[in-house]
Amino acid sequence: MNCSPVVFTDAEGFKTAKADGSLRQVRNTAMLPGAVSVSAMPDIHHGYGMPIGGVLATGGSDACISPGAVGYDINCGVRYYSFNISKEDAQSFMPDLVKSLYRAVPSGVGKGGDIHLNAKEIHKLLSMGAKWSVQAGYGTEADLESVESAGRLDFADSSKVSELALKRGADQLGTLGSGNHFVEIGYIDEVYDEPTAELWGLKKGQLGMMIHTGSRGLGHQVCTDYSRSFKKAVKKYNIDIPDIQLACAPVSAQESKDYLGAMGCAANFAWANRQVIGSLALQAVSDSLGGVQSNLLYDLAHNILKFEEHNGMKLAVHRKGATRAFSAGHIELSGVYKKTGQPVIVPGDMGRCSFIMKGGEKSMELSLGSACHGAGRKLSRKEAVRNARGRNIAAELSAQGVHVMAADKMSLFEEMPEAYKDVQVVADIVSGLKISEKVVKLKPLCVIKG
DNA sequence: ATGTAC
């Protein structure tokens with residue numbers, strides 16, 4: 001190994017990481033050329049090459065880039081809006097709201113939306129990111145201040161995105177996708193950090209909306225294309241790696257430059273996508289509840305590669321199922337977030353709860369400014385379906401006061417609460433380490449899924 | 001995650 005990897009978890013989490021092979025994947029990741037820091041969060045589970053919940057930073061003369069360390073859903077991420085309305089005032093509208101959200105936001109595998117981008121527009125969008133959506137009328141300029149990196153990676157180069165990837169993305173802007181992607185309306189159930197919550201405009205009982213999705217078919221195709229190219233690069237540059245799924249190339253290699261250009265485009269597409277979905281969903285909320293004011297708290301990427309400076313070194317930081325969690329005072333933060341640390345949004349599962357945290361005081365030191373991104377799967381999709389067979393998950397959730405609609409019944413099986421670890425445990429582990437610290441707990445009221 | 005296996 002080129003560095004000593006660290007897994008932040010408890011005894012139970014360590015056991016499951018060993019059992020599902022993700023611990024071995026952590027070790028494999030630390031064997032990549034130029035790896036200077038490898039860590040994994042308590043939501044760690046097995047992924048393609050590198051585990052979900054992992055952070056890999058490479059630097060120095062051997063630094064490499066690995067598409068498998070970003071993953072297939074490039075810039076999968078999450079955003080949260082707070083509303084000026086309380087749970088009590090909104091609760092009775094939920095059965096109607098879930099339907100109007102479902103109508104407003106196209107969801108499901110392969111699903112396209114109402115926005116069709118011609119060649120010129122898609123290239124423009126891939127360069128501009130979230131700003132393209134704002135200029136097209138989805139949301140406001142002010143939103144961009146609450147998006148990580150202002151919703152744009154500047155090294156995006158759309159000439160590096162294949163025709164097939166462009167084609168797959170052309171009608172998927174403003175669509176949710178499937179799997180664990182969702183739009184959820186919920187409320188703040190508990191406040192842990194009053195001063196921060198107040199600075200962020202959050203209070204107990206307040207209604208809000210979380211959106212979780214990524215770059216859809218476009219990003220998936222970028223990863224497919226470049227996984228192929230990097231497998232060749234491994235031979236070409238004679239790189240010794242323990243798992244071909246971690247195929248990598250030197251940062252300076254043409255393959256890496258091309259991947260970074262394309263990955264940046266997929267990241268920008270995802271930010272543009274969440275910006276559009278936010279706008280569509282807010283319209284549905286206003287239609288159902290009648291004139292609601294909203295404020296975008298933050299939008300975070302959790303599958304992405306960025307160049308950051310840590311301890312005086314320029315590093316290629318790959319976060320895969322791990323979110324950025326910069327501490328208070330970080331140079332890349334601005335406004336109130338510079339004072340508090342950045343928001344860290346940690347979705348749980350459909351039935352239990354989620355957390356909004358802040359970048360903790362130890363995150364820079366322990367995990368290169370990174371934290372957990374969610375609960376983490378406990379059961380594989382297949383196991384979850386087996387356990388859910390014959391049950392009516394929507395009815396079970398409804399009995400708990402959570403209204404759910406999904407494009408595919410199977411996805412409710414795969415995504416049922418028991419398929420996930422308890423996010424409370426995950427949040428407590430990172431809180432205890434001061435990687436990220438709890439600000440509020442959210443509870444769901446209605447959810448739409450792909 | 002994903003036109004859920006080219």
Side-chain angles (χ1 to χ4, degrees), chain A residues 20 22 25 43-54 66-78 105-113 116-117 161-173 175-183 211-229 231 245-246 259 262-263 265-267 269-271 273-274 277 300-305 318-323 347 349-350 373-386 388 406-415 419-420 448-450:
Chain A
D20 78 358
S22 53
Q25 293 189 316
D43 49 337
I44 180 173
H45 56 108
H46 190 272
Y48 178 83
M50 177 162 123
I52 320 296
S66 175
V70 173
Y72 273 86
D73 191 4
I74 296 166
N75 192 4
C76 186
V78 58
V105 184
S107 63
V109 183
K111 186 81 176 179
H116 298 269
L117 301 160
V161 179
S162 69
E163 285 302 321
L164 182 55
L166 293 171
K167 188 181 152 208
R168 288 180 68 176
D171 70 341
Q172 291 191 325
L173 187 71
T175 68
L176 194 61
S178 77
N180 60 5
H181 291 166
F182 63 80
V183 177
I211 296 169
H212 179 207
T213 185
S215 51
R216 309 286 285 103
L218 186 145
H220 190 275
Q221 191 62 44
V222 166
C223 187
T224 302
D225 293 338
Y226 284 92
S227 292
R228 200 171 296 141
S229 121
K231 278 176 191 165
Q245 293 187 348
L246 282 169
Y259 170 69
M263 192 279 303
C265 288
F269 186 87
W271 270 314
N273 191 29
R274 287 196 289 278
I277 291 177
L300 289 159
H302 54 227
N303 282 0
I304 202 163
L305 193 166
H318 306 63
R319 294 192 179 90
K320 181 181 186 182
T323 176
D349 58 71
M350 292 186 281
H373 85 308
R377 273 201 168 275
K378 189 167 75 179
L379 305 177
S380 70
R381 293 180 188 284
K382 209 182 255 180
E383 286 169 326
V385 168
R386 197 166 49 227
D408 179 0
K409 225 189 320 185
M410 283 309 253
S411 87
L412 284 183
F413 286 1
E414 294 173 353
E415 297 296 318
Y420 285 89
I448 66 157
K449 295 195 66 79

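From a predicted model like this one, the values you see are computed outputs, not experimental measurements. We name chains A, B, ... by the order of the sequence lines, and we start the count at 1 in each one.
In this entry the distance linking CZ of A:F413 with C1' of B:dT4 reads 17 Å, nearest Å. Separating the CZ atom of A:F269 from the P atom of B:dT2 is a distance of 11 Å, rounded to the nearest angstrom. For the pair A:E414 CD and B:dT4 P, the computed distance is 13 Å after rounding to whole Å. Straight-line distance from the CG atom of A:D225 to the P atom of B:dC6: 12 Å, rounded to whole Å. Taking atom CG of A:D73 as the reference point, atom P of B:dT4 lies 15 Å away to the nearest angstrom. Rounded to an integer number of Å, the gap from A:R228 CZ to B:dC6 C1' is 9 Å. Atom pair A:D171:CG and B:dT2:P shows a separation of 13 Å (rounding to whole Å applied). Following rounding to the nearest Å, A:K449 (NZ) and B:dT4 (P) show an atom-to-atom distance of 19 Å.
A:L164 comes within 4.0 angstrom of a base, heavy atoms only. Backbone-only engagement by A:G179 is indicated by non-hydrogen atom pairs under 4.0 Å involving sugar-phosphate atoms exclusively. Here A:G219 lies out of heavy-atom contact (under 4.0 Å) with every strand.
Side-chain atoms of A:D43 come within 3.5 Å of backbone N or O of A:H373 as a donor-acceptor pair.
Here A:S178 reaches the OP1 or OP2 of B:dT2: one of its side-chain N or O atoms lies under 4.0 Å away. For A:R381 and B:dT4, the shortest distance from a side-chain N or O to OP1 or OP2 is not below 4.0 Å.
Nearest heavy-atom pair, A:V161 versus A:C265, reported as atom, atom and distance to 0.1 Å: CG2-CB, 3.6 Å.
In this structure A:A69 satisfies the side-chain contact (heavy atoms from CB on, under 4.5 Å) test together with A:M50, A:L56, A:S66, A:H318, sequence neighbours excluded.
The existence of a salt bridge linking A:E415 and A:R381 is confirmed by a sub-4.0 Å separation between a basic side-chain nitrogen and an acidic carboxylate oxygen.
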